[in-house]
Amino acid sequence: MSMRVVAVKPLLYGLIIPVLLLATWQILGARGMISPLLFPTPSRIYEDFHSMLVSGELWTNLRISLVRALWGFLLGGGLGALAGLLVGLFRQLERAIDPSLQMIRMIPHLAVTALFILWFGIGETSKVLLIAKGAFFPLYINTFLGIRNADNKLHEVSRVLGFGFFKRSFLMALPSALPNIFLGIRLSLGVAWLSLAVAELLGSTEGIGYLMMDARMLGRTSVVFVGIAIFAVIGKLSDSLVRGIERRALRWNDTYRG
Amino acid sequence: MGAALLEIRELSKSFRTDSKTVQALHHIELDVQEGEFVTVIGPSGCGKSTLLRIVAGLDVGYEGQATLDGRAISGPGIDKGFIFQEPRLFPWLTVEKNIAADLSLRNPEVKRRVGELIELVRLNGFEKAYPKELSGGMAQRVSIARALLRNPRILLLDEPFGALDAFTRAHMQEVLLDIWRRNGTTMIFVTHDIDEAVFLGSRIVILKPRPGEIRAKIGVDLPYPRKKASAAFQDFRMRVLNEFERIDELSWGEAGAGI
Amino acid sequence: MGAALLEIRELSKSFRTDSKTVQALHHIELDVQEGEFVTVIGPSGCGKSTLLRIVAGLDVGYEGQATLDGRAISGPGIDKGFIFQEPRLFPWLTVEKNIAADLSLRNPEVKRRVGELIELVRLNGFEKAYPKELSGGMAQRVSIARALLRNPRILLLDEPFGALDAFTRAHMQEVLLDIWRRNGTTMIFVTHDIDEAVFLGSRIVILKPRPGEIRAKIGVDLPYPRKKASAAFQDFRMRVLNEFERIDELSWGEAGAGI
Amino acid sequence: GSNNGNSAASPSASAVAPSPSASEPASAAPATTNAPEELNFGFVGSTPYTAGAESWGIYKGIFQEELAPYGVKKVNIIPFKVGPDLNEAVLSGRVDIGFSGDAPPILNRAAGAKTHLIGLPIVSSNSLIIVKDDGPQTVAELAGKTVAVVKGSIMHRYLVGVLKEQNVQGVKQISIGSNTADSLAALAKGDVDAVAATDALVYKLLKGGGYKVIDNAYDHPDLLATNATIVTDSYLEKFPEIAQAWNAAREKSLEDLKAHQDEYYQFLSDNLGQDIEAIKVLYPIDDISPTNFTDEGIARITGTKTFLVEEKLAAQDFDINEWILK
Amino acid sequence: MLYETGRLDANFFSSPTDIASAIGELARSGELFRDIGISLWRVVCGFAIGGTLGLIFGLLSGFSRRTEMMIDPLFQLLRMTPSLAIAPLFILWFGFGETSKVLIIAVGAYFPIYVNTVLGIRNVDNKLVEVSQVLAYSRFSQIAKLIVPSSVPSILLGVRLSLAVAWLSVVVAEMINSKSGIGYLIYFGQYNSRIDYIFVGIILFATAGKLVDSFVRYLERRLLGWRDNFKG
Ligand SMILES: Nc1ncnc2c1ncn2[C@@H]1O[C@H](COP(=O)(O)OP(=O)(O)OP(=O)(O)O)[C@@H](O)[C@H]1O
Ligand SMILES: Nc1ncnc2c1ncn2[C@@H]1O[C@H](COP(=O)(O)OP(=O)(O)OP(=O)(O)O)[C@@H](O)[C@H]1O
Ligand SMILES: [Mg+2]
Ligand SMILES: [Mg+2]
């Protein structure tokens with residue numbers, strides 16, 4: 001089996017179900033068995049997608065959303081990983097801050113939008129921070145648990161070799177936690193991406209989330225679906241990217257491969 | 001001889017688990033002088049690893065005293081090298097990086113020493129291999145090299161040669177004796193092989209199990225290099241064997257005869 | 001003697017990694033008869049474990065043929081027992097549950113046999129202990145008991161006694177011989193201990209490394225039970241040692257002398 | 001936000017007394033008896049019931065009683081947070097009769113939803129512009145400033161109308177958050193200079209001090225909005241007499257409501273979590289329109305539609321008169 | 001304190017005393033317990049459905065590469081789909097009753113468990129997999145006695161994330177046609193200028209978060225005593 005085949009096969013398998021679903025949807029829609037107002041047919045959605053693409057409207061909004069999601073993810077995810085690392089390494093710190101973080105974790109975005117606006121205004125800050133709030137937790141918890149899942153045997157090795165705090169973190173704890181950290185990154189990216197929908201409510205005039213809200217308000221369902229498809233596809237792409245990096249980074253892992 | 005480098009007094013250690021309590025060590029008394037080569041033997045599960053771990057500073061929560069250089073042992077340190085019973089390599093690092101561990105291979109001095117050690121443990125060609133690509137014995141040799149790189153003042157070895165074939169083992173014994181002689185490293189060496197214990201040790205400590213107690217301490221006054229075939233060697237071997245055999249719980253007829 | 005139980009023809013196996021390709025086995029030819037006790041020795045990293053894993057059906061992707069009962073080995077099965085070089089216990093199961101593994105301890109027959117085996121490997125009192133509470137040798141004995149419980153037709157042992165002290169080891173050797181005699185189990189036993197190889201095997205296979213090839217196959221026609229002190233035993237030992245020593249890459253002067 | 005839907009609870013401070021209607025109660029003899037057993041009535045709001053004769057009637061069981069002869073066994077009353085939610089439910093056929101501010105059903109209809117208008121239960125929904133005490137003092141001062149408003153809502157229509165009327169240029173309009181609280185937070189923070197809102201949502205804020213209203217729709221009667229009741233065509237098919245049956249029930253409920261005013265206010269107070277005083281100011285009974293269409297109502301809803309079409313918010317233009325179920 | 005010195009805007013914050021009195025008021029009327037009860041019930045049902053399915057599909061996908069190739073991309077697409085897209089579908093299929101609320105929560109709860117289960121399985125030590133092969137475990141034994149126990153740490157992590165998402169989804173679920181529940185309480189507060197209710201809601205969510213976390217930690221202690229892992 002050549003490398004090409006290896007890379008293409010999973011893709012083909014993965015396409016089976018989505019393609020079947022889309023085809024069914026298109027056929028049922030075309031025959032009028034699904035309300036085209038509620039669920040415009042894929043071809044209709046594609047037409048809108050195409051015209052938005054050509055007009056440049058799509059790209060402008062997408063770029064803004066991407067930048068927001070990225071900043072939010074970097075900020076929230078970065079802090080989450082850092083906090084997870086510290087809390088994972090220090091029991092005292094865990095006692096001190098983990099309970100509060102666990103409480104904050106459960107507070108819904110929608111309940112605090114007014115407070116975010118009050119504190120951070122309606123500029124980019126509040127949007128990015130709201131996304132960051134969402135992206136923080138999956139990475140925090142996964143990093144934390146990844147570190148706590150580190151094999152004590154290796155921890156003992158690091159002690160015997162006289163590793164200081166930094167070496168212990170970066171040469172022992174962090175690599176041990178890598179599989180979990182990658183998962184955390186994937187979950188955080190997803191959350192960051194989905195938080196856009198709420199964040200772009202906060203006084204936005206552009207962005208994919210805004211576009212969807214607006215279209216929904218005005219009953220332009222096919223535009224809503226363009227947004228949904230973009231969310232899904234870009235989300236999936238970013239996820240696949242992380243998994244690609246993960247596969248390379250975790251080559252050393254001798255684990256079950258299914 | 002002045003005060004001993006390592007002093008162990010009335011050392012007891014027990015493990016409490018949900019189901020029961022195991023007394024791993026009981027009233028151990030042991031002094032180790034600077035530069036000594038102490039070999040420790042004893043039946044499986046008698047507390048050899050536990051003793052080594054306490055000296056390394058990995059296990060605390062024991063009773064009695066264990067002092068190194070007159071100070072209570074508070075934790076592991078770079079001056080105490082430890083070779084674990086299993087290889088315990090970092091799975092994400094290649095052989096050479098595992099040996100270097102926290103030292104950077106970009107440092108030419110480190111690079112050179114790592115290269116030397118790889119040669120010494122006969123792993124040339126496997127510098128870039130990951131632990132999952134090594135055989136059992138190869139992994140064990142990597143962990144030995146890792147401990148040797150650091151030139152510790154005291155080296156604690158927990159059955160380091162257990163997974164090696166007779167020849168590689170003999171080679172590694174020579175390597176170890178060489179290091180001992182050259183650097184004056186204090187060695188505490190746990191083994192299951194009585195020949196090995198006699199061949200290497202300037203003193204042999206025999207433990208008996210449950211509770212782990214010292215059965216005997218035997219000074220080996222044979223000159224180095226020792227010849228395994230010599231009569232004097234065989235004499236010592238028999239003495240150790242006898243002590244070992246008297247360990248009550250393990251006295252089972254004929255089996256011992258052939259060892 | 002009819003067709004061999006296990007037939008290995010022109011077996012080669014190489015591992016490809018990012019950095020290079022390692023030829024672990026090269027043109028291995030070996031027949032094992034039903035009820036034979038084959039011991040395998042060879043330097044560390046020469047491919048012993050790889051050979052055993054292929055016979056067990058754990059490694060596929062080799063060249064040449066390996067047939068059991070005339071059929072190509074397609075995967076692991078209940079008729080082939082395997083004792084790994086490391087204990088590989090399930091960390092979430094207690095000792096007795098590790099031995100029972102997928103069998104239920106609520107079955108009184110299983111319970112009885114597990115109890116017997118625990119007695120046999122001398123782990124009484126540790127039935128309820130978790131792997132992390134065991135010493136290295138104790139864990140290894142659990143894994144031996146686990147394989148013995150299943151009464152396989154062919155038992156593949158990869159240095160099973162490596163972490164055991166001399167006496168426990170001698171005891172386990174007796175236990176193994178006893179099982180072999182009573183059940184007629186075919187044994188393929190990898191060891192580093194030449195004494196052990198001669199003491200147990202009805203035939204000894206000597207491997208040489210890189211590429212892993214068979215250096216010699218020596219039939220041991222000493223009657224059981226063997227006496228390690230006997231002249232005939234020592235003769236065989238020397239023969240094996242000589243073969244071993246001639247393995248080119250590993251010829252290093254004096255070291256071998258004392259083994 | 002709800003403000004978009006300008007919830008049925010849309011209040012008014014003045015009492016525009018509607019001309020008493022002379023409509024006949026529905027005929028007692030139903031023509032069909034095979035109407036679906038359950039009728040789903042959806043409205044925009046956040047509480048189980050809202051202001052108006054419909055809620056009251058359903059609460060008291062008057063609708064159930066009136067519709068029973070047609071075979072309706074159960075009337076469900078379902079709140080939706082925002083207009084689009086209700087619109088989607090209407091599209092999916094899960095809501096048979098919808099009740100909200102006029103903008104959402106117009107937008108839905110313009111986008112192709114098959115519905116008909118069967119009533120304008122309120123025809124004088126107010127909107128206003130609120131600022132900080134030290135903010136712009138007149139509509140004219142809004143020039144070059146930022147105003148928070150929900151796009152496509154009655155407040156939006158009012159704001160655009162007022163600005164046009166007074167020829168104020170360069171006003172930046174933005175939508176903030178899912179509810180007016182978010183817009184008000186932006187006002188408090190100083191990120192916007194004014195918010196176009198409805199009375200109910202700013203009542204508390206005004207009472208607290210520090211804010212004031214600089215303009216409201218009562219001063220521009222053309223810009224007052226209506227609330228609309230629509231029925232889906234698919235439901236109409238199954239139950240052709242629904243309009244008259246529904247309106248008869250509403251008529252009866254309205255009479256009952258007027259006969260039990262204190263009870264009604266108490267009911268609203270319990271439901272909306274406000275004290276009676278506020279309820280009386282925010283949801284005066286006089287605000288509830290008669291059941292029949294009035295010219296004033298039709299003019300106002302046509303105004304909203306025209307606005308939505310002009311602003312290119314509605315997907316396409318349509319004729320309100322054709323929309324009204326005859 | 002901050003509140004009393006006037007640093008916080010009374011229009012957007014409630015003083016602790018206000019919140020306490022709101023809680024008292026809600027508790028007296030029995031509304032508080034009804035709201036907690038109903039939200040709790042929805043979370044439990046939604047989590048039970050979503051969690052179980054997540055576990056099952058996670059097992060399927062983790063266990064077989066082929067299944068993973070088939071279903072995983074779809075799930076990853078769905079995972080990135082805003083609930084906004086899903087809500088109307090649910091209304092269409094399931095109406096406004098409890099079913100759609102519970103299912104919206106189930107969808108939220110599904111993904112963390114699914115993803116973590118797949119990871120847990122893919123992190124099972126290959127050495128132990130070989131042991132199970134050599135011992136000729138049946139497919140079932142392999143799942144029940146090897147894969148599941150060794151992925152328990154990961155699965156529990158998934159449970160933890162899932163429970164959180166389930167609680168957060170309550171807010172989405174109770175957006176439509178809800179007449180009770182904590183999400184409803186928050187909406188009620190938002191749309192009727194009852195800031196104190198919003199804060200009561202926030203406090204309830206935070207408390208739920210803490211409790212859920214303590215519960216999973218308790219489970220971890222009970223179930224994972226066998227582990228020899230880094231303790232910080
Ligand atoms: N972490 C632990 N928890 C509970 N019991 C333990 C623990 N570690 C060791 N023990 C017990 O202490 C005793 C001594 O163990 P130790 O590992 O020191 O033996 P050992 O002499 O090194 O044996 P071996 O030669 O088999 O390695 C054993 O009975 C073992 O069960
Ligand atoms: N998974 C693997 N990937 C790459 N190389 C491997 C792998 N497994 C084994 N090897 C290589 O194959 C050779 C033989 O390994 P094997 O484990 O069979 O040796 P062995 O004879 O059992 O040695 P030991 O006595 O040290 O256990 C070694 O050089 C090793 O590096
Ligand atoms: Mg030990
Ligand atoms: Mg091996």
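In what follows, every chain begins at residue 1, and chains take the letters A, B, ... in the order their sequences are listed.
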- [ ] To the nearest 0.5 angstrom, please state how far the OG atom of C:S44 sits from the CZ atom of B:R169.
- [x] 12.0 Å

Task: Spatial distance of atom CG (B:D193) from atom CG (C:D165) [nearest 0.5 Å] - done: 11.0 Å

Open item on the list: Measuring from atom NE2 of C:H192 to atom OG1 of B:T168, what distance do you get when rounded to the nearest 0.5 angstrom?
Closed with: 7.0 Å

Open item on the list: So which residue, B:F126, B:Y130, B:F15, ends up with the most heavy-atom pairs under 4.5 Å with chain C?
Closed with: B:F126

TODO: Check whether any side-chain N or O of B:K20 sits under 3.5 Å from a backbone N or O of C:G125 as a donor-acceptor pair, and report yes or no.
DONE: yes

Task: Contacting region of C:R141 [heavy-atom separation from chain B under 4.5 Å] - done: side chain

Task: Atom group of C:K48 that falls short of 4.5 Å from chain B, counting heavy atoms - done: neither

TODO: Return the option, out of C:T94, C:T50, C:L164, with the maximum number of heavy-atom pairs under 4.5 Å with chain B.
DONE: C:L164

Open item on the list: Taking side chain to side chain donor-acceptor pair (under 3.5 Å) as the definition, give me every residue that meets it alongside C:E213, ordered by chain and number, with sequence neighbours left out.
Closed with: none

Open item on the list: Considering only residues two or more places apart or on different chains, which pairs with a residue in residues 82-91 of chain B satisfy salt bridge (charged side-chain N to carboxylate O under 4.0 Å, His left out)?
Closed with: A:E156-B:R88, B:E86-B:R88

Task: From B:F167 atom CZ to C:I41 atom CD1, the distance as rounded to the nearest 0.5 Å - done: 8.5 Å

